[in-house]
Undergrad: 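Handing you this structure, nothing more for now.
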There are 2 protein chains.
Amino acid sequence: MALGKDYATQECSIARALEVVGERWTLLVVRDALYGVRRYNDFLVHLGIPRAVLAARLQALTAAGVLEKRRYQESPPRDEYVVTERGRELWPALRALGAWGRGIPGTAPMREFRHVTCGSPLGVVGECTGCGGLVPLEEVEMLPGEGLDPDPADPVSRALLEPRRLLQPVVTEPV
Amino acid sequence: MALGKDYATQECSIARALEVVGERWTLLVVRDALYGVRRYNDFLVHLGIPRAVLAARLQALTAAGVLEKRRYQESPPRDEYVVTERGRELWPALRALGAWGRGIPGTAPMREFRHVTCGSPLGVVGECTGCGGLVPLEEVEMLPGEGLDPDPADPVSRALLEPRRLLQPVVTEPV
DNA sequence: CACGGTAGGTTCGGTCACTGAACCAAGAAG
DNA sequence: CTTCTTGGTTCAGTGACCGAACCTACCGTG
C-alpha cells in the first residue's frame, strides 16, 4: 500500500499491522511461506507476481522480521526465505481471512484444514473444533478442496495438491 | 489493491477475501464501522482518507454486502453506513491483525478489549480468555490503552476514548 | 572453451490507483 | 439571500504496480 505517511498517524494496532502486511501481494507471499514455499522462483510461478514486486516484498518482509533469508547452498550461492516465529503468528489472521473468503457467494472451498493428531477440522481462527485449543502449525494438515483445479500448470500448485502439513518445505519435482 | 485481474486467478479463499477488503483503507473503514462509526463525515475526519477514496470504498463495501446504506433522516436526506452480519464476520480477522500489530516493536498497546459480561480480556482472535468461547460483538468492551493520544483533535477519536461497546453508534457531540 | 540452462535478481517505459484541493448540490439556518 | 452542513464528484499530479527485457553468477555438456 505504500502507507507510511498516512497510516502512521493512525493510533491503531490494525493500521500498524497493515503498514507491514497491507500492501498488495504481501499477505499472499506470507500465505505461501506458511504453506512451505521458500524459493524466489517458487513464489514467482505460484503467485504470478511481477519479479520486481516480489523482490521488494521479500526484502520488506525480511526487514520486518516476518521472513528470514537463509543460504541453503554455497555453490552456486542460493538463498531461501523461511517464515520466522513472528511470521507464524500471522496464521490466525490469514486463517480468519480465508474463512471469511469462503463465505463469498459463488465459490467452492479451495482447501480444508485439519488438526492432524485428532482429525477434526479447524475453526475460523485456526483452533481445533475437536480438542478445542489453538493448533501448532506443524500439526495442521492442509487438504485440497473441491474448488481447486485438479491439474494446475505450475509445479508449486501441483505440489500443494497433495495433503501436507503447514511449513513443510515445498519440493518442486522436475517436469 | 485493484486486484481483479491477478488475484482472480488465485485459487485461494484468502486471495478472494483480499479482492474485497485488500485495497488500501478498506480494512480500516471496516474497523471503524465495527467501532460504531457510521457517517461519511465521521469516517473522513477519523481516517484522514481522501474523499474520493472514501466514497469508492463505501460503495464497494456496500456492493460486497459488508456495509448497508441506510437512510437515517429524510429532510435533508442523509444516509449512514451500517455493518451487516457479513461485515461483523470480519471481526476475528481484524482482531487477529490487531493482536499481531501489537507485537511490532517500539509501540504501546492502543486499545484493550474485554468480554463485558465476565471482565476477562480477549484473546488474539476475539475469544474470551475467561469463559473460553467466541464473544458476540455486542458483549465486547473497548477501552483506551496507554499508547492512545489522550487529547485527539477530531471528535470521533474523542468519542472513542470512552470505554464503549463495539457496534454502539458513535455520537459526535458538537464542539 | 563455447554454449545453454537455472536461480535470483535489476532496469525501464507505460498504466492505473491514490492523493489533495477545488468544486458542486440539496436542504437548513439565520 | 447568504452561509453552513453533509455528502459527495472532478481533476491534475504523483507514486506504485505492471510486463518485458536485461544482467550476473554458476553449473553441466560437448
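In the text below, chain A, chain B and the rest are named by the order of the sequence lines, each starting its count at 1.
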Undergrad: Just the rounded figure in Å: distance from C1' of C/dG9 to CD1 of A/I49.
TA: 13 Å
Undergrad: Within the pair A/Y81 and C/dA7, is there a side-chain N or O less than 4.0 Å away from OP1 or OP2?
TA: no
Undergrad: Rounded to whole Å, please give me the gap between CG in B/N41 and C1' in D/dG8.
TA: 10 Å
Undergrad: Check every atom of C/dT19, D/dC18, C/dT10 against the side chain of A/A55 and return the nucleotide holding the closest atom.
TA: C/dT10
Undergrad: Looking at residues 58-72 of chain B, who's got a heavy atom less than 4.0 Å off DNA chain C?
TA: none
Undergrad: By the 4.0 Å heavy-atom rule, please label A/V53 as base, sugar-phosphate, or nothing.
TA: sugar-phosphate
Undergrad: Between B/R102 and B/E112, is the closest basic N to carboxylate O distance under 4.0 Å?
TA: yes
Undergrad: Look at the side chain of B/R51 and the base of D/dG7, then say whether one donor and one acceptor between them are separated by less than 3.5 Å.
TA: yes
Undergrad: In whole angstrom, what separates B/R39's CZ from D/dG7's C1'?
TA: 12 Å
Undergrad: Any salt bridge linking B/E141 with B/R114? Criterion: basic side-chain nitrogen under 4.0 Å from a carboxylate oxygen.
TA: yes
Undergrad: Give me, pair by pair, the N or O atoms of the protein and of nucleotides 23-26 of chain D that are less than 3.5 Å apart, along with how far apart they are.
TA:
residue	atom	partner	partner atom	Å
D/dC26	O3'	A/S75	OG	3.3

Undergrad: Which sits closer to the 5' end of DNA chain C, A/A52 or A/D79, going by the nucleotide each is nearest to?
TA: A/D79
Undergrad: Please find the pair of heavy atoms, one from A/L166 and one from A/L137, that lie closest to each other, and give the distance.
TA: CB-O, 3.5 Å
Undergrad: Using modelled atom types and a 3.5 Å cut-off, is there a donor and acceptor pairing between side-chain atoms of B/R111 and backbone atoms of B/G147?
TA: no
Undergrad: Measuring from A/E19:CD to B/I104:CD1, what's the distance to the nearest 0.5 Å?
TA: 8.0 Å
Undergrad: Given atom CG of B/L47 and atom C1' of C/dC18, what is their separation to the nearest angstrom?
TA: 15 Å
Undergrad: Grab the CG-P distance between B/L44 and D/dG7 for me, whole Å please.
TA: 10 Å
Undergrad: When the distance from CZ of A/F43 to C1' of C/dG9 is rounded to whole Å, what number comes out?
TA: 15 Å
Undergrad: Would you say C/dA17 has OP1 or OP2 under 4.0 Å from some side-chain N or O of B/W25?
TA: no
Undergrad: Classify the angle between the aromatic ring planes of B/W91 and B/F113 as parallel (below 30°), tilted (30 to 60°) or perpendicular (above 60°).
TA: perpendicular
Undergrad: Taking C-beta and beyond as the side chain, do A/I49 and A/F43 meet within less than 4.5 Å on heavy atoms?
TA: no
Undergrad: Can you measure B/R38 atom CZ to D/dT6 atom P for me and round it to whole angstrom units?
TA: 17 Å
Undergrad: As an exercise, state the distance from CG of B/N41 to OG1 of B/T172, rounded to the nearest 0.5 Å.
TA: 8.5 Å
Undergrad: Would you mind reading off the distance between A/R57 atom CZ and D/dC18 atom P, rounded to a whole angstrom?
TA: 8 Å
Undergrad: Answer yes or no: does atom CD of A/E138 have more than 12 heavy-atom neighbours from other residues, nucleotides or ligands under 6.0 Å?
TA: yes
